[in-house]
Amino acid sequence: MKVGILGAGQLGQMLALAGRRLGIDCRLLSPDPQAPAGQYAELIVAAYDNQAALAHFAEGLDVVTYEFESIPAEAVEFFDGKVPVRPSSRALRTAQDRVEEKQLFERIGIPTARYVAIETTSDVRAAADKIGFPALLKTRRQGYDGKGQTRIDSRFDLERGWVSLGAGPSILEEIVRFDRELSVLAVRAQTGEIEFYPMVENFHSEGMLRFSFAPAPRIDANTQDKAQGFTRMLMEDLDYTGVLAVEMFEKSGELIANEIAPRVHNSGHWTIEGADTSQFENHLRAITGMELGSTDLRGVSGMVNVIGREPDVARLREISGVHVHMYGKAAAPRRKLGHITVTADDGQGMRAAIAQVRSVLAR
Ligand code: AMP
């Protein structure tokens with residue numbers, strides 16, 4: 001089996017490593033010669049619109065997948081009729097466009113934040129009347145890790161914010177005063193079988209995931225069922241194959257969907273040590289037609305992202321239950337350089353270890 005991966009960041013790296021354990025060879029494509037996954041698998045360095053390079057990349061592949069959302073849709077469509085693409089290009093197109101994503105939630109009855117699409121200056125004025133303040137302005141496309149979005153507190157802010165984001169297609173959303181952020185990770189096989197990981201609680205700041213607890217504490221069966229039901233509807237609607245992450249807000253016991261990620265996800269990194277089968281292995285199993293692996297837990301896990309600065313790995317290793325994953329990227333502000341997972345027997349032990357990890361990273 002040979003799997004092609006569009007993109008070669010840390011998600012591609014962890015997919016390639018999981019592939020080795022399954023006897024699957026991965027080939028990656030990225031415009032960046034320093035892309036971290038190139039340390040672990042064959043890397044073709046080319047722009048996503050280089051048709052000759054895409055043809056070369058496709059040679060001998062059984063299936064193509066992608067590891068980040070900003071792949072131009074045309075690059076994915078290039079493979080139509082040549083090599084199957086999983087998840088489908090429709091899932092990718094939907095996740096790339098915040099308005100289409102919200103329309104999908106609405107069409108299948110999943111609650112989401114109130115929003116208005118903005119195209120022109122007159123839409124900007126109308127949007128302010130509909131949503132009110134404070135609100136969040138986001139570009140429709142290409143936003144991630146808090147990039148391409150800005151908080152809006154007044155009409156003046158809105159006009160200025162829209163211009164600062166490029167005055168292009170955007171979306172104005174109400175700010176949800178959530179109690180906490182949760183995500184659901186699920187994997188769907190080509191047979192339609194779905195396996196769920198337990199819900200994860202996520203902590204963001206400045207639009208970036210900082211740390212996660214798995215399973216999320218204090219989730220009642222009703223909330224887990226509801227979240228799984230939403231995720232199942234999304235996967236079935238998109239005729240989805242592979243791992244899907246759904247990010248949600250919890251507010252007064254209700255779930256409000258924020259966005260989907262049609263790929264392996266940062267809030268699932270803990271599954272490498274914390275579940276019988278990691279999200280990376282299950283994604284590869286699903287897209288290559290293998291049986292899915294068990295998503296049962298191995299104790300309780302927590303994950304902390306290493307952002308911006310090299311950590312003191314020797315100190316981290318002194319903490320019980322710690323697993324260090326560094327991606328081999330050069331340090332830069334706001335860049336995800338690695339992640340640390342801790343596994344423990346119970347939530348109390350996990351939270352204590354996560355607090356220690358965070359204090360080492362803060363030094
Ligand atoms: P996103 O790029 O949509 O994933 O947003 C990144 C982070 O910004 C989310 O994880 C939330 O912490 C926050 N955020 C995004 N949208 C909203 C919203 N409508 N209300 C409150 N917080 C939000």
Side-chain angles (χ1 to χ4, degrees), residues 1-30 37 41-42 44 48 54-97 100-101 104 184-197 231-246 259-266 268 271 277-293 295:
M1 271 283 175
K2 188 135 190 141
V3 172
I5 304 173
L6 296 169
Q10 62 266 22
L11 300 175
Q13 184 177 104
M14 290 183 269
L15 282 167
L17 285 169
R20 293 232 183 120
R21 288 192 291 273
L22 289 171
I24 292 174
D25 256 353
C26 293
R27 176 187 294 153
L28 304 128
L29 183 100
S30 165
E42 179 190 355
I44 294 180
Y48 294 114
L54 291 177
H56 172 52
F57 171 75
E59 273 168 35
L61 294 181
D62 295 291
V63 58
V64 169
T65 191
Y66 41 88
E67 60 96 78
F68 82 120
E69 274 111 294
S70 302
I71 306 279
E74 304 74 49
V76 175
E77 282 152 12
F78 173 87
F79 300 102
D80 285 349
K82 299 185 184 79
V83 186
V85 177
R86 302 188 185 116
S88 64
S89 52
R90 184 158 82 87
L92 179 67
R93 269 199 307 274
T94 308
Q96 281 179 340
D97 183 329
E100 280 189 32
E101 190 174 53
L104 171 65
V184 186
L185 278 128
V187 57
R188 186 167 184 263
Q190 289 162 52
T191 56
E193 177 201 351
I194 301 178
E195 292 283 349
F196 292 94
Y197 292 94
T231 307
R232 177 179 295 280
M233 286 194 287
L234 287 165
M235 287 180 128
E236 286 174 356
D237 190 276
L238 294 167
D239 192 17
Y240 199 87
T241 303
V243 167
L244 175 79
V246 186
E259 63 176 3
I260 57 171
R263 54 170 169 80
V264 286
H265 193 250
N266 198 173
T271 58
T277 314
S278 75
Q279 61 165 346
F280 303 100
E281 179 172 334
N282 257 336
H283 184 73
L284 291 174
R285 284 177 167 274
I287 64 171
T288 58
M290 290 185 203
E291 236 175 83
L292 301 180
T295 52

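Keep in mind that what you see is a predicted model, and the values were worked out from it rather than measured.
A distance of 7.5 Å separates CD in Q279 from CG in L11, rounded to the nearest 0.5 Å. Distance CG/D80 to CD/E74: 11.5 Å, rounded to 0.5 Å. Distance CZ/R27 to CD/E42: 4.5 Å, rounded to 0.5 Å. The line from CG of L22 to CD of E281 is 4.0 Å long, rounded to the nearest 0.5 Å. Between atom CZ of residue R188 and atom CZ of residue F196 there is a gap of 10.5 Å, rounded to the nearest 0.5 Å. The OG1 atom of T241 sits 9.0 Å away from atom CD1 of I287, with the distance rounded to the nearest 0.5 Å.
In terms of heavy-atom proximity, H283 sits nearest to V243 at ND1-N, 2.9 Å. Here the shortest heavy-atom pairing between L244 and P262 reads CD1-CA, 3.9 Å. When every heavy atom of I5 is checked against every heavy atom of G12, the shortest pair comes out as CD1-O, 4.2 Å. The two residues A8 and S30 have their closest heavy-atom pair at CB-CB, 3.7 Å. Taking both residues in full, the closest heavy atoms of Y66 and A91 are given as OH-CB, 4.2 Å, listed atom of the first, atom of the second, then distance. Shown here for C26 and A41, the closest heavy-atom pair between the two residues is O-CB, 3.5 Å.
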Checklist entry - Going through the checks in order, is the side-chain contact (heavy atoms from CB on, under 4.5 Å) test met by L104 and L238? => result CA-CA 10 Å; L104 171 65; L238 294 167; 4.2 Å; yes
Next on the checklist: Pair D62, T288 - check side-chain contact (heavy atoms from CB on, under 4.5 Å), show working.
Outcome noted: CA-CA 8 Å; D62 295 291; T288 58; over 6 Å; no
Next on the checklist: For R90 and D237: C-alpha separation, side-chain torsions, deciding distance, then whether side-chain contact (heavy atoms from CB on, under 4.5 Å) applies.
Outcome noted: CA-CA 10 Å; R90 184 158 82 87; D237 190 276; 3.7 Å; yes
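Proximity of M14 to Q10: side-chain heavy atoms (C-beta onward) are separated by under 4.5 Å at one or more points. Between T65 and P87 there is a side-chain heavy-atom pair separated by less than 4.5 Å. A heavy-atom distance below 4.5 Å is found between the side chains of F57 and F79. When side chains are defined from C-beta on, M290 counts as touching I24, because their heavy atoms get closer than 4.5 Å.
Of the possible donor and acceptor atoms, one in the side chain of Y197 sits under 3.5 Å from a partner among the backbone N and O of S278. With hydrogens and angles disregarded, no donor-acceptor distance shorter than 3.5 Å links the side chain of N282 to the backbone of L292. Not a single donor-acceptor pair under 3.5 Å links the side chain of E69 to the backbone N or O of A261. Using modelled atom types, one side-chain atom of E101 and one backbone atom of I260 make a donor-acceptor pair closer than 3.5 Å.
Between L284 and the choices V3, V264, V63, the side-chain contact (heavy atoms from CB on, under 4.5 Å) rule is met once, by V3.
By the 4.0 Å N-to-carboxylate-O rule, R93 lies too far from E100 to be salt-bridged with it.
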